[in-house]
Amino acid sequence: MTAGFAIERSETMQVRPILREVKEYKRDTFLTPLFAGLEVVMEVLIPYVTAMIIDRGIDAGNMQNVVKYGLAMLGMAALALVFGVGAGWFGASASTGFARNLRKAMYEKVQTFSFSNIDKFSTAGLITRMTTDVTNVQNAYQMVLRIAVRAPLNLVFSVIMILFIRKEIALVFFSVLAVVGGAVAIVGIKTMKLFREVFRRYDDLNASAQENISAIRVVKAFVREDYEDEKYMKAATNVYNLFVKAEKRMVLLMPGMMLAIYIVMVAIAWMSAHFIVAGTMTTGNLTSLFSYIMTTLISLIMLAVIFVMLTMSSASADRISEVLTEEPDIKNPENPLMEVPDGSIRFENVHFTYIKDGEGDENLHDIDLEIKSGETVGIIGGTGCGKSTLVSLISRLYDPDETPEGAEKPYGGVYVGGHNVKEYDLDTLRDKVAVVLQKNELFSGTILDNLRWGKEDATLEECVRVCEIACADEFIQEFPDGYETRIEQGGTNVSGGQKQRLCIARALLKEPQILILDDSTSAVDTATEARIRKSFREDIPATTKIIISQRIASVQEADRIIVMDDGGIDGFDTHENLLENNAIYREIYDTQMNGSGDFDAPG
C-alpha cells in the first residue's frame, strides 16, 4: 500500500507542473466536460423516449402520443447537438491554449538553463519535447475533456437504464466489463514501457535530421547523401519497429471487445425473448435495450482509445515535466550586484569537470591567474587543453566545481571586478563580459537586426562605429543595401570571415568591460586580423581583451600570453619571456614558423 501511494504521489508530482499551464483556459476546461455531460444526458434519454413511442404510441394505436413523444425526441436531439458543438468548441480552445502555454513555458524554461542543463537534455531532445510530446499531450487533454467524460457517463447511464429495464440483464454486462477492463489494464501496463522508449528514439531521429540539414553543404561536398540517408532510415526504422511492437500488443483490444459485446447481445436477445413471451417486457423496452447495448459497446471502444492515447501521452507528459521541473544549475543570488566595476579577472584554485558524477576527469585543475583591467591576454595551447572551458567560467556559462571531500586545499572561484561572479546579476555580468564563441551564429534578418542583438536601441552611427573597429564596415558598404542587407538563416550568404567580423562588431556594441574572442578570427586573413588588433588597442584601450587562438601571430602582440596544457596553466608571461623559458610555447612557435603549422603534432 505504501508503494502504491508513493507511485501515485510521484505521478501527481509529474502532472502538477504541466497542469499549471492551463491558466486562462480553466473556464473552457470546466465548460467542456459540463457540455459533454449534458450531451450524454440527452443521448441517453432518446432511446427511452423511442421505447415510449413504440409502446404508448404505435402498439397502442395512439397517434397523439407518437407526435408528443416524437417532438420531445426531436427537442432532445437538438439540445444534444447544441451541447455537442459547445463541448467541441470549448474543448478545442482549452487544448490548443494549453499546448501553447506548455510550449511557451518550456521555451522560457530553456532560456534559463545553463550550458550544463542543455547538455543534459540535448538540443534534439528539447525540440522533440516542445513539438511531438506537446502535441501528444494536447490530443490527450482534449480527449480527456470530451471523450473521457462522454464514454464513462454513457457507460454508467446506459447500465442504469438497463438496470431500470431489467436487472437480470445488467448482471451480464457487469461480468463482461470486469473481463474487458482487466484485459485493457494488463495490456496497457506492458505497452507503457514501449511508448516511453519510442519517444527516446524520436530524439535520435530529430538529431539525425537536424545534423544533416544544418550541415547539408558538407554532406554534398563529400558526396555523403547515401550514408546520411542510411543513417536517417536506421533511426526511422527503430521508431517504426517500436511502434509496431507496441501496436501489436494493443491490436487485440478492439476485436476482443467487439466479440465480447456481440456475445452479450446474443445472450440478451435470447433472455429478452423469454421475457417478452412471458409478458414481463415490452417490444419498446427491447428496442431501447439494444440501443443502450450499442451505446455501451461504443463507450467501451472509446475508453480503449482513450487508454491508448493516455498511455502514449503519459510518456510525453513525463518528458515535458522533466524540462519544467529542471532546476537551472546557475541562478541569480538573492541580492545580486548590478554593476561591474572594471575588467579585472582573477582565478583562485579553480577546478572544473563537465561530468559531475565523479567518474569524469577534470577538464580544468589548479587554475590560479590574475588579469589586470584593460590588459590584452592571449591564450594558446593544443586542442582539448581547456582554453574555451577556461573563458566560459568568466561569463558564468558554467560554474567551477565545489570543494570535494578530502581535498587538500579548498577550491576557489572566479572573480571579475574584484567580486565573485556568483555575486553578480547574470544579465549584468554577461552584458559586461562579451563572448564571441568559436561557432559564430547570425540570425535571419538585416545586418542591423543582427548587430542590435548587442544593443537593442543602437543607432546606425553606433553600429557603423563598431563595424569599423571590427573591419566589417568595408565589406558591408559593398553590398547594394548596405546595413539593410538581409542575412539568411545561419548567415549562409556571407563568408566565414565576414560572419566572424559581424559577430565581433555585435559584441563590441555591448560596450563590455571584458571582450573574449574564442578563436573568432580563424577565418579572417592575417592582414585584416592585424588591423582588428590595432583597432582594439586604439579604440577600446580600457576593455580587457582575451584572445584565444591557434596561431602564434594572433597572440604574440598581447601584453601577456597564457599557455595551457592538459587542463592546467603551463605558462603566463610575455611572448619574449615564454619563448625563452617555456618549452611548450617555444615548440608551438618553432612548429608554426618553421614547420607544418600544426602544433598538435610532435615538433
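Residues: numbered from 1 along the sequence shown. Computed over heavy atoms, backbone and side chain alike; hydrogens, waters and symmetry mates excluded.
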Please say whether more than 12 non-hydrogen atoms of neighbouring residues, nucleotides or ligands are located less than 6.0 Å from [atom1] in [X].
X	atom1	value
Glu24	CD	yes
Tyr227	OH	no
Arg465	CZ	no
Phe443	CZ	yes
Glu339	CD	no

Shortest non-hydrogen contact from [X] toward [Y]:
X	Y	result
Val340	Gln513	O-NE2, 3.0 Å
Leu451	Ala505	CD2-CB, 3.8 Å
Asn493	Ile487	OD1-CA, 3.7 Å
Ala470	Ile504	CB-CG2, 3.9 Å
Glu423	Pro333	O-CG, 3.5 Å
Ile320	Arg129	CG1-O, 4.0 Å

Would the Tyr415 and Phe347 ring centres measure less than 6.0 Å apart?
-> no
So, [X] versus [Y]: side-chain donor-acceptor pair below 3.5 Å or not?
X	Y	result
Ser554	Glu529	yes
Asp425	Asn332	yes
Arg103	Thr135	yes
Ser520	Gln500	no
Thr428	Asp431	no
Asn363	Thr389	no
Tyr589	His575	no
Tyr483	Asp473	yes
Asp570	Asn582	yes
Asp449	Thr446	yes

salt_bridge([X], [Y]) N-O dist < 4.0 Å:
X	Y	result
Glu402	Lys422	yes
Glu557	Arg537	yes
Lys234	Glu230	no
Arg531	Glu474	yes
Lys455	Glu462	yes
Lys23	Glu21	yes
Glu441	Lys499	no
Glu538	Lys534	yes

How many angstroms lie between [atom1] in [X] and [atom2] in [Y], if you round to the nearest 0.5 Å?
X	Y	atom1	atom2	answer
Gln138	Asp133	CD	CG	12.5 Å
His419	Ser344	NE2	OG	9.0 Å
Tyr141	Leu19	OH	CG	7.0 Å
Asn420	Asp399	CG	CG	8.5 Å
Glu326	Ser114	CD	OG	8.5 Å
Arg560	Ile371	CZ	CD1	7.0 Å

Determine yes or no for a side-chain-to-main-chain donor-acceptor pair under 3.5 angstrom, with [X] supplying the side chain and [Y] the backbone.
X	Y	result
Lys545	Thr543	yes
Asp518	Val436	no
Gln592	Gln550	yes
Arg501	Val524	no
Thr544	Gly343	yes
Asn349	Asp368	no

Please walk me through it: do Ile569 and Asp366 pass side chain to side chain contact (heavy atoms under 4.5 Å, CB included)?
-> CA-CA 8 Å; Ile569 295 178; Asp366 306 305; over 6 Å; no
Take Tyr25 and Phe98, measure what ring pair (Phe, Tyr, Trp, His ring centres under 6.0 Å) needs, and give me the verdict at the end.
-> CA-CA 7 Å; Tyr25 297 99; Phe98 174 49; 9.0 Å; no
Apply side chain to side chain contact (heavy atoms under 4.5 Å, CB included) to the pair Ile540 and Leu508, showing each step before the final yes or no.
-> CA-CA 9 Å; Ile540 51 171; Leu508 289 172; 3.7 Å; yes
Worked verdict on Leu502 versus Asn450 for side chain to side chain contact (heavy atoms under 4.5 Å, CB included) = CA-CA 8 Å; Leu502 286 172; Asn450 275 275; over 6 Å; no
Asp318 vs Ser321, side chain to side chain donor-acceptor pair (under 3.5 Å): CA-CA, chis, key distance, verdict | CA-CA 5 Å; Asp318 287 345; Ser321 185; over 6 Å; no
